[in-house]
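Sequence lines set the chain letters: A, B, ... in the order given, protein chains first and strands last, and positions in each chain run from 1.
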Number of protein chains: 2
Amino acid sequence: MTIKEVSEKFHISSDTLRYYERIGMLPPVNRTDSGIRDYTNEDLNWLELILCMRNAGLQIEAIIEYVKLYSMGDATFEARLALLKEQREKLLCQQAQIIKALDRLSYKISRYEVAVKTGSLSWDNEKC
Amino acid sequence: MTIKEVSEKFHISSDTLRYYERIGMLPPVNRTDSGIRDYTNEDLNWLELILCMRNAGLQIEAIIEYVKLYSMGDATFEARLALLKEQREKLLCQQAQIIKALDRLSYKISRYEVAVKTGSLSWDNEKC
DNA sequence: TATTGACTTAGAGTAAACTCCAAGTAATAT
DNA sequence: ATATTACTTGGAGTTTACTCTAAGTCAATA
């Protein structure tokens with residue numbers, strides 16, 4: 001698969017794909033004789049995992065570290081486990097922050113829905 | 001309340017507090033005669049809201065816009081409602097991404113927990 | 001009184017994650 | 001054969017959100 005096809009499949013620019021590979025977040029991709037990238041199924045699996053994690057907010061550094069450990073083989077199971085657990089903790093924190101903000105947003109929204117109808121905002125202990 | 005006290009109360013640097021005010025994310029704070037910031041309760045309420053939203057990942061621009069609308073008074077109820085709804089949508093998307101990533105992380109973690117014990121990673125349809 | 005420390009501003013610097021550009025090579029359509 | 005398009009690399013530029021520095025004012029302590 002060419003870089004363009006991959007770029008379209010995952011809605012991500014070719015520049016970003018090259019960037020990910022250059023910094024070691026995506027393992028090195030095979031090339032044709034003339035040096036053009038030819039993504040394999042395994043590359044796509046990696047990419048899918050990477051994008052899932054990036055979309056959730058994992059930092060690039062953490063993903064690079066995981067890819068590095070993976071490339072070092074079976075001796076790194078424990079390190080990979082630790083890394084994954086650490087990242088899960090971070091996501092759980094982030095999730096908690098989002099839930100808090102969503103609660104607050106929903107409360108505000110319900111107040112503003114009334115305000116739009118009645119023309120005045122009901123009293124609230126926190127104004128803003 | 002001085003900038004330092006606020007900074008300590010919210011675990012955020014004085015620089016960041018000044019920055020937030022300068023860019024209009026925090027409404028202008030009252031000053032003493034000599035020009036030193038003196039945060040009121042209302043300032044703290046704003047700050048608390050702002051930090052809740054920032055911690056969840058809301059962009060500064062959106063918060064600035066909300067503060068601006070708020071300062072314009074009752075004529076902006078609808079605009080504020082629209083803004084809040086838009087931000088809620090964004091957070092819901094982000095939350096969904098996090099849940100996806102957490103599912104995947106948890107699955108990987110359980111596989112690696114076995115791998116660490118047995119010394120080999122069980123087969124998986126997506127390797128990486 | 002001297003100096004230490006907190007505060008002020010404007011503006012420069014930094015980190016993360018892209019995103020774009022220039023210059024060149026390769027493949028393809030006419 | 002030529003023109004167009006896609007690809008390559010290395011490096012520069014951009015955006016977001018801070019973070020730091022310099023130069024100066026003000027308050028409090030030795």
Side-chain angles (χ1 to χ4, degrees), chain A residues 1-26 28-40 43 46-47 49-68 86-87 90-91 94 97-98 101, chain B residues 1-26 28-40 43 46-47 49-68 86-87 90-91 94 97-98 101:
Chain A
M1 223 178 185
T2 69
I3 199 168
K4 192 170 184 216
E5 287 164 344
V6 176
S7 140
E8 278 159 7
K9 184 171 163 67
F10 289 98
H11 314 102
I12 177 184
S13 77
S14 300
D15 271 320
T16 301
L17 280 166
R18 286 189 212 101
Y19 167 68
Y20 282 174
E21 187 181 347
R22 182 170 49 186
I23 63 175
M25 189 162 76
L26 192 58
V29 173
N30 274 345
R31 308 304 182 93
T32 64
D33 291 350
S34 52
I36 289 173
R37 286 176 181 78
D38 183 21
Y39 291 80
T40 66
D43 293 329
W46 269 109
L47 192 53
L49 174 67
I50 285 167
L51 291 177
C52 174
M53 295 302 151
R54 281 295 301 136
N55 286 336
L58 279 225
Q59 298 212 331
I60 281 183
E61 257 321 308
I63 304 175
I64 290 176
E65 183 64 18
Y66 181 76
V67 170
K68 213 157 102 191
E86 194 188 320
Q87 297 307 314
K90 282 196 180 183
L91 282 190
Q94 191 53 28
Q97 297 295 321
I98 288 180
Chain B
M1 223 176 184
T2 69
I3 199 168
K4 193 172 184 214
E5 288 163 343
V6 176
S7 138
E8 277 159 7
K9 184 172 164 68
F10 290 98
H11 314 104
I12 176 184
S13 78
S14 301
D15 272 321
T16 302
L17 281 166
R18 286 190 211 100
Y19 168 68
Y20 282 174
E21 187 180 347
R22 181 170 51 187
I23 62 175
M25 188 162 77
L26 192 59
V29 173
N30 275 345
R31 308 305 182 93
T32 65
D33 291 349
S34 51
I36 289 174
R37 286 175 181 79
D38 183 21
Y39 291 81
T40 65
D43 293 329
W46 268 108
L47 191 53
L49 175 67
I50 286 166
L51 291 177
C52 175
M53 295 303 151
R54 282 294 302 134
N55 286 337
L58 280 226
Q59 298 212 332
I60 281 182
E61 256 323 308
I63 304 175
I64 290 176
E65 183 63 18
Y66 181 77
V67 170
K68 214 158 100 191
E86 193 187 320
Q87 297 307 313
K90 282 196 181 183
L91 281 191
Q94 191 54 26
Q97 297 294 321
I98 287 180

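OP1 or OP2 of dA6(C) has not a single side-chain nitrogen or oxygen of Thr2(B) nearer than 4.0 Å. Look at Arg37(B) and you won't find any side-chain N or O under 4.0 angstrom from OP1 or OP2 of dC7(C). For Ser34(B), a side-chain nitrogen or oxygen approaches OP1 or OP2 of dA27(D) to under 4.0 Å. Regarding contacts with the backbone of dT9(D), a side-chain N or O of Arg31(A) is found under 4.0 angstrom from either OP1 or OP2. For Ser14(A) and dA6(D), the shortest distance from a side-chain N or O to OP1 or OP2 is not below 4.0 Å.
Contacts of Ile3(B) with the nucleic acid, taken as non-hydrogen atoms under 4.0 Å apart, involve only primed sugar atoms and P, OP1 or OP2.
Of the two residues near DNA chain D, Ile36(B) and Gln59(B), the one whose nearest nucleotide lies more 5' is Gln59(B). Residues Gly35(A) and Leu58(B) both approach DNA chain D. Their nearest nucleotides, taken by heavy-atom distance, put Gly35(A) toward the 5′ side.
Taking OG from Ser13(A) and NZ from Lys4(A), the interatomic distance works out to 13.0 Å, rounded to the nearest 0.5 Å. Rounded to the nearest 0.5 Å, atoms CD (Gln94(A)) and CG (Asn55(B)) are 8.0 Å apart. If you take CG on Leu58(A) and CD on Gln97(B), they are separated by 11.5 Å, rounding to the nearest 0.5 Å.
Atom CG in Asp38(A) sits about 13 Å away from atom P in dA27(C), given to the nearest Å. A straight line from CD1 of Ile64(A) to C1' of dA17(C) spans 11 Å, rounded to a whole angstrom. Between the P atom of dA17(D) and the CD1 atom of Ile12(B) lies a distance of 13 Å, rounded to the nearest Å. Going from atom CD of Glu61(B) over to atom P of dC18(D) covers 13 Å, rounded to whole Å. The distance between atom CG of Leu17(A) and atom P of dA6(D), rounded to the nearest whole Å, is 16 Å. Regarding Lys4(B), its NZ atom lies at a distance of 14 Å from the C1' atom of dA27(D), rounded to whole Å. Atoms CD (Glu8(B)) and P (dA6(C)) sit 10 Å apart, rounded to a whole Å. Rounding to whole angstrom units, CG of residue Asp33(B) and P of dT25(D) are separated by 18 Å.
Smallest separation of non-hydrogen atoms from Val29(B) and Leu26(B): CG2-CD2, 4.3 Å. In plain terms, the two heavy atoms of Leu17(A) and Val6(A) that are nearest each other are CD1-CG1, 3.7 Å. In this structure, Ile23(B) and Ile64(B) approach most closely via the heavy-atom pair O-CD1, 3.3 Å. Nearest heavy-atom pair across Cys52(B) and Ala101(A) is SG-CA, 3.8 Å.
In summary, Glu21(A) and Arg31(A) engage in a salt bridge, as defined by a charged side-chain N under 4.0 Å from a carboxylate O.
Side-chain atoms of Tyr20(B) lie closest to dC18(D) of the nucleotides dA6(C), dT8(D), dC18(D). Considering only side-chain atoms of Ile60(A), the nucleotide from dA6(C), dA17(C), dC18(D) that sits closest is dA17(C).
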For nucleotides 19-21 of chain C, list the nitrogen or oxygen atoms of the protein found under 3.5 Å from its nitrogen or oxygen atoms, one pair per line.
from    : atom 1 : to       : atom 2 : distance (Å)
dC20(C) : N4     : Asp15(A) : OD1    : 3.4

